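What follows is a short report on a single structure.
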Protein chains: 2
Amino acid sequence: MHEITSFVRAAVCEVFSTMISMDESYPENANPPWQVCGVIGSVSFTGKMSGVLYLAFPVTLANKTTDNILGEESSRPSEEVNDVVGEFTNMVTGNLKSKMADRGYNCKLSIPTVIRGQEMTLDSAEGNLALTNRFTASASGEIISTLVFARLETS
Amino acid sequence: MHEITSFVRAAVCEVFSTMISMDESYPENANPPWQVCGVIGSVSFTGKMSGVLYLAFPVTLANKTTDNILGEESSRPSEEVNDVVGEFTNMVTGNLKSKMADRGYNCKLSIPTVIRGQEMTLDSAEGNLALTNRFTASASGEIISTLVFARLETS
């Protein structure tokens, strides 16, 4: 297992710890292209480590998480949910950035963006690291995934 | 119209000029979230200009463009098409990066990734520039879109 995988697992657990109780995570070895659906935040990074981290929520869990943070609302605008998913993705990627900086792989983060859809696939060019993890929300059994494409500078 | 919009228009025309003949482009004023579908390359950037550029191809045009570059093939693996779309996105974003550097907005590019799907939406947090352009391929009338979320550092 690549070191980045364990850093991402720790990052997700730390960021979500006060918000959603998470059961065990398990890394997947499936090669991209990866199937995803729901509400997917992404934050890119450049530097000694270059790439992108996606954080994929099922729509229902994205809505529930937003309710937990902003208070329940019957007709929540999807933009508010996108903001929350983007911010979680930012926090997880920021946590990974800090752990990788301790290993000498400094990077800068780009702005968070959010994609929504059903039956999407994510791919990157050959030669990049491609690492995925799944986490189960204890209460509902819903699954959050992280998907990382990264290239490390080896100079 | 923001300067970045005209830079992106020029970037697309320059990158595609030897490959696909393009008719007029037209910027759109629609606010995000934006609807997209097909094969969508994305390249992020960080620095004085931070954000992401998406280049959205209809599937048929992505396949035809790949045929033009790699030679026709009856059963083309989608990974090869993804590589071509990723590389075009890289070239367009690199062209924009160079034009923005001339204006003092230096940035570094991340790795290209590719998303495929139907009925997807793209969104970013409030406060970021959100610029979109459409281009028509002369031969087929198919439409390529660019979508940019960006934040400029104003120090």
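No experiment lies behind these values; they were computed from the predicted model shown. Order of the sequence lines fixes the chain letters, A, B, ..., with proteins taken first and strands second; residue numbering starts at 1 for each chain.
Without hydrogens or angle criteria, B/Ser110 side chain to A/Phe45 main chain gives a donor-acceptor distance under 3.5 Å.
Considering only heavy atoms from C-beta on, A/Ile111 comes within 4.5 Å of B/Ser124 through its side chain. Considering only heavy atoms from C-beta on, B/Pro33 stays 4.5 Å or farther from A/Arg116 through its side chain.
Highest contact tally toward chain A, considering only B/Gly86, B/Ser78, B/Gly51, B/Cys107, is held by B/Gly51 [criterion: heavy-atom pairs under 4.5 Å]. The candidate with the highest count of non-hydrogen atom pairs below 4.5 Å against chain A, out of B/Ser44, B/Pro32, B/Gly117, B/Gly41, is B/Ser44.
Between A/Ile115 atom CD1 and B/Ile40 atom CD1 the span is 8.0 Å, to the nearest 0.5 Å. Atom CG of B/Leu122 is separated from atom OG of A/Ser42 by 9.0 Å, given to the nearest 0.5 angstrom. Rounding to the nearest 0.5 Å gives a distance of 13.0 Å between CE of A/Met120 and SG of B/Cys37. In this structure, A/Glu119 CD and B/Glu119 CD are separated by 10.0 Å, a value rounded to the nearest 0.5 Å.
In this structure, no portion of B/Glu87 lies under 4.5 Å from any heavy atom of chain A. Heavy atoms closer than 4.5 Å to chain A are found in the backbone of B/Leu109, but not in its side chain. Both the backbone and the side chain of B/Asp123 have a heavy atom closer than 4.5 Å to some heavy atom of chain A.
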